[in-house]
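Have a look at the structure below before the remarks.
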4 protein chains.
Amino acid sequence: MTGGIERVRKKREVHASVKDQKLIQRRRDEMIRGAVTLFKEKGFHRSTTREIAKAAGFSIGTLYEYIGQKEDVLYLVCDSIYDGVKEKLEEMNVNAGTIENLKLGIAHYFRVMDEMQDEVLVMYQEVKSLSKDALPYVLKKELEMVSMVEALIKSYMDHEHIDYRQQEVHILAQNIFVQGQMWAFRRWTLQKSYTLDEYIELQTNYLLSGIQMKAGDGK
Amino acid sequence: MTGGIERVRKKREVHASVKDQKLIQRRRDEMIRGAVTLFKEKGFHRSTTREIAKAAGFSIGTLYEYIGQKEDVLYLVCDSIYDGVKEKLEEMNVNAGTIENLKLGIAHYFRVMDEMQDEVLVMYQEVKSLSKDALPYVLKKELEMVSMVEALIKSYMDHEHIDYRQQEVHILAQNIFVQGQMWAFRRWTLQKSYTLDEYIELQTNYLLSGIQMKAGDGK
Amino acid sequence: MTGGIERVRKKREVHASVKDQKLIQRRRDEMIRGAVTLFKEKGFHRSTTREIAKAAGFSIGTLYEYIGQKEDVLYLVCDSIYDGVKEKLEEMNVNAGTIENLKLGIAHYFRVMDEMQDEVLVMYQEVKSLSKDALPYVLKKELEMVSMVEALIKSYMDHEHIDYRQQEVHILAQNIFVQGQMWAFRRWTLQKSYTLDEYIELQTNYLLSGIQMKAGDGK
Amino acid sequence: MTGGIERVRKKREVHASVKDQKLIQRRRDEMIRGAVTLFKEKGFHRSTTREIAKAAGFSIGTLYEYIGQKEDVLYLVCDSIYDGVKEKLEEMNVNAGTIENLKLGIAHYFRVMDEMQDEVLVMYQEVKSLSKDALPYVLKKELEMVSMVEALIKSYMDHEHIDYRQQEVHILAQNIFVQGQMWAFRRWTLQKSYTLDEYIELQTNYLLSGIQMKAGDGK
DNA sequence: TATGAATGAGCTTTCATTCAT
DNA sequence: AATGAATGAAAGCTCATTCAT
């Protein structure tokens with residue numbers, strides 16, 4: 001099912017009748033902004049193309065000048081959210097490898113998830129609606145993000161000369177990644193029990209205890 | 001959005017024209033079985049009521065003798081999956097409180113998630129399609145399941161006289177719970193890297209290191 | 001383009017959701033009747049599916065219970081017209097081989113074309129709108145009709161022991177066939193200049209002079 | 001429907017925003033050339049104005065500088081094809097009235113039909129799509145062409161002092177005219193059975209036998 | 001209780017036409 | 001004179017739901 005992910009390179013092409021690339025970018029941004037709001041509220045399937053066009057601020061005819069089919073909107077939205085998240089994550093470049101750095105990195109990731117929780121929610125509820133065609137492009141991006149988390153952990157472990165197995169670091173990265181999303185998609189329960197700061201502290205302590213135990217062993 | 005969860009008591013009523021309760025139960029079971037297969041493949045929105053009826057083995061007219069609207073099928077499916085999971089979890093009653101017991105409990109939960117991964121996937125991809133009306137009933141069940149995990153941890157901690165804050169145990173339970181689902185809904189990447197046993201071992205070690213560090217502190 | 005005609009055997013399948021074959025036949029007959037009237041006036045392309053449904057006396061939803069796509073209506077119409085023409089032609093079985101018989105046969109064909117001129121017109125204006133898929137089935141029927149005319153001529157020639165080349169009889173049959181249709185699709189000019197009887201007489205004389213000259217030669 | 005034909009005089013006006021008549025002519029020629037190719041392949045209704053513009057080598061905006069509505073393209077195309085056919089027919093001016101001349105004239109007409117069979121096909125498949133408004137202009141041209149054939153026959157008959165009724169010559173002209181078109185629009189069957197030369201010979205023999213029989217009677 | 005034909009609101013998508021640049 | 005982005009009416013088609021049998 002996902003065997004083709006590794007081979008995915010370029011972005012998926014979305015058909016546009018309009019030729020002006022600048023304009024395409026601008027209109028698609030408007031489209032995405034509107035669509036996120038809409039999908040947040042009603043989901044992709046319950047949103048009509050007319051509603052999407054309206055939310056974007058143009059007519060249905062114009063919408064179809066910039067996409068080939070309804071699904072393209074979903075792809076553009078997912079793609080854009082990933083880019084947004086990735087960009088925000090890259091803002092904070094933390095490679096020093098100290099324990100402080102690791103903590104900061106994790107906290108930063110959780111805060112990004114908090115800021116973009118609507119988008120994260122939309123994406124997580126809707127990716128599965130993407131066709132077999134578009135899915136790999138999005139999943140590839142997700143893996144890239146997990147890799148970023150992984151790099152952060154390795155940077156720390158290398159710096160501290162902690163011995164680790166690739167598998168362990170990988171699963172740890174996945175856990176952190178999912179716990180970040182959890183804050184968004186389980187907010188109906190989590191955000192009633194914890195503030196963001198509490199959540200960050202609890203999860204960080206917990207994550208680090210796992211890592212440091214290892215560190216204790218390793219030394 | 002979910003403020004009403006606590007007040008939810010009875011099951012949500014699903015309209016049926018037929019009176020015979022036994023028959024209702026039988027037909028709905030057939031319906032659910034067919035629907036799960038269908039939703040697994042095409043999702044709720046892309047499945048038509050005709051397809052659901054066919055998969056269940058009866059006519060569209062008959063389908064509507066046992067439900068009020070299409071969404072009811074989704075509700076029944078989600079409800080039934082939760083019941084299924086819960087039942088399986090309850091099969092293994094592990095309250096001894098020993099470390100072995102905790103490990104067994106966690107492993108058991110992960111194995112149940114593995115066995116029912118299709119169902120878990122369906123549920124996780126589709127709950128968001130439930131109306132405001134039906135959602136609370138389903139979320140309530142989810143909380144019950146988290147509570148089961150929580151109880152398992154507490155039982156261990158109490159037995160070991162480990163000091164803990166409610167908040168910590170709660171987040172731990174949520175983590176375990178989500179990690180179990182993760183095995184199902186991130187199988188596209190996880191199940192390429194790990195066998196179920198590896199996954200269980202890695203996650204258990206990791207979870208316990210967090211807990212035991214605590215234990216070390218506590219004593 | 002038409003290389004596949006010879007291999008066409010069964011009727012082209014037109015999708016129907018309804019199962020009752022009797023009902024399908026009845027509804028399709030209603031549909032065809034309405035559609036012919038409509039196509040006569042506006043042509044296939046300018047007629048909407050809603051108009052077709054209305055002309056047939058049922059809703060758009062019902063229309064699509066009996067066809068798979070709009071084009072199927074055109075196919076059914078063309079198919080039905082051919083069947084109608086063929087049936088009428090077969091009513092008069094003229095194989096005696098006398099000159100009187102030949103004349104009667106030709107006259108009968110022209111009269112059928114006159115009776116069904118609306119249908120003939122519709123078919124001639126719209127066959128080209130059939131997809132590559134459906135066209136062969138219709139062209140095959142046309143060839144069958146030309147063959148009927150051909151048989152009529154041969155029957156006469158054999159009876160009169162006239163020597164003929166296959167090619168000549170074939171082209172003669174094609175001419176008669178087309179002259180019959182001509183009465184319908186050039187009615188805007190022909191029917192202003194001639195009554196049907198005049199037309200029949202003129203064309204018959206003309207056709208026979210060609211044949212009989214041959215006969216004179218042959219003897 | 002066609003009662004107005006006789007009163008049709010000037011060409012139908014097609015709206016143009018551009019003033020320069022030379023330019024209009026040039027652009028329309030480009031347009032017609034492109035459109036014929038397009039209509040040949042997909043028909044008028046299935047061709048979009050964008051495609052027409054593209055095939056003509058200019059933008060959709062420019063297209064509408066030279067026509068008022070889509071249908072005008074069809075009118076221009078039909079009109080142009082008629083002009084083309086007529087021009088070719090007039091190339092060979094055969095009025096000598098001899099039997100040779102008649103044969104040559106008929107053969108020439110058939111050869112023109114063969115050369116322009118794509119155009120003939122397009123025209124015959126699409127005239128019916130012309131509005132009530134434009135049709136008379138085109139039908140008038142058709143009658144003119146039938147008259148040319150008629151003149152050819154009369155010229156022969158007069159020269160040979162053959163007695164004829166107007167009606168007979170008229171129907172004969174119509175037959176020849178239609179047989180020429182037949183070569184184009186029934187090519188799917190005719191051109192598999194005959195070469196053009198065979199077709200010409202067969203039809204000519206046949207036509208002449210009718211005429212000469214008459215001649216024999218007449219004397 | 002079971003059936004499936006009938007319905008029509010509503011969906012996605014197209015495309016002739018306009019008009020500011 | 002030329003362009004092409006914008007428009008929205010209208011098209012084909014689907015499908016949840018009803019109801020007579």
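Labels below follow one simple rule: chain letters A, B, ... track the order of the sequence lines, proteins then strands, and each chain is numbered from 1.
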Item to check | Between P of F:dA2 and CD1 of D:I24, the distance in whole Å | outcome: 11 Å

Checklist entry - Does D:R27 come within less than 4.0 Å of D:E30, counting only side-chain N to carboxylate O? => result yes

Checklist entry - Taking C-beta and beyond as the side chain, do C:K40 and C:Q125 meet within less than 4.5 Å on heavy atoms? => result no

Checklist entry - How many Å lie between CD1 on A:I52 and P on E:dT13, as a whole number? => result 10 Å

Checklist entry - OP1 or OP2 of F:dT7 less than 4.0 angstrom from a side-chain nitrogen or oxygen of A:S59, does that happen here? => result yes

Item to check | Separation of F:dC13 P from C:E51 CD (nearest whole Å) | outcome: 15 Å

Checklist outcome for this item: Axis-to-axis angle across the helix from E:dA2-F:dT21 to E:dT21-F:dA2, five pairs each end, nearest 10 degrees, ~ 0°

Checklist entry - E:dA6 C1' sits how many Å from C:Y66 OH, rounded? => result 8 Å

Checklist entry - Starting at CZ of B:F58 and ending at P of E:dG4, how long is that distance when rounded to a whole Å? => result 13 Å

Next on the checklist: Per the salt bridge (charged side-chain N to carboxylate O under 4.0 Å, His left out) rule, what does the pair list look like for residues 48-59 of chain A, sequence neighbours excluded?
Outcome noted: A:K42-A:E51

Checklist entry - Which ring-ring contact (aromatic ring centres under 6.0 Å, His included) pairs, counting each pair once, include a residue from residues 12-48 of chain B, with sequence neighbours left out? => result A:H45-B:H45, B:F39-B:F44

Checklist entry - What is the ring orientation for D:Y66 with D:F58, classed by angle as parallel under 30°, tilted 30 to 60°, or perpendicular over 60°? => result tilted

Item to check | Contact under 4.0 Å: C:T62 side-chain N or O vs E:dA5 OP1/OP2 | outcome: no

Checklist entry - With no hydrogens and no angle check, is any side-chain donor or acceptor of B:K141 less than 3.5 Å from a backbone partner on B:C78? => result no

Next on the checklist: Rounded to whole Å, how long is the line connecting atom CG of C:L23 with atom C1' of E:dT3?
Outcome noted: 14 Å

Next on the checklist: Contact list please: residues 26-48 of chain A against DNA chain F, heavy atoms, distance less than 4.0 Å, in numerical order.
Outcome noted: A:R27

What pairs of nitrogen or oxygen atoms, one from the protein and one from nucleotides 17-19 of chain F, lie under 3.5 Å apart?
{"from": "F:dT17", "atom 1": "OP2", "to": "B:Y64", "atom 2": "OH", "distance (Å)": "2.7"}
{"from": "F:dT17", "atom 1": "OP2", "to": "B:K70", "atom 2": "N", "distance (Å)": "2.8"}

Item to check | Check: B:Y124 main-chain N/O paired with A:K128 side-chain donor or acceptor under 3.5 Å | outcome: no

Checklist entry - F:dA16 P sits how many Å from B:L63 CG, rounded? => result 10 Å

Next on the checklist: Looking at B:Q69, is its backbone amide N or carbonyl O close enough to the side chain of B:D72 to form a donor-acceptor pair, meaning the two atoms are under 3.5 Å apart?
Outcome noted: yes

Checklist entry - Tell me: NZ of C:K22 to P of E:dG4, nearest whole Å? => result 17 Å

Checklist entry - What does C:S17 touch in the nucleic acid at a heavy-atom separation under 4.0 angstrom: a base, only the sugar-phosphate, or nothing? => result sugar-phosphate

Next on the checklist: When you measure from the side chain of C:Y137 to the backbone of C:Y75, do you find a donor-acceptor pair of N or O atoms at a distance under 3.5 Å?
Outcome noted: no

Item to check | Qualifying residues under side-chain hydrogen bond (donor to acceptor under 3.5 Å, both in side chains), relative to C:D20, sequence neighbours excluded | outcome: none

Next on the checklist: Please determine whether side chain to side chain contact (heavy atoms under 4.5 Å, CB included) holds for the pair C:V127 and C:L130, giving the CA-CA distance in whole Å, both sets of side-chain angles, and the decisive distance to 0.1 Å.
Outcome noted: CA-CA 5 Å; C:V127 250; C:L130 286 171; 4.0 Å; yes

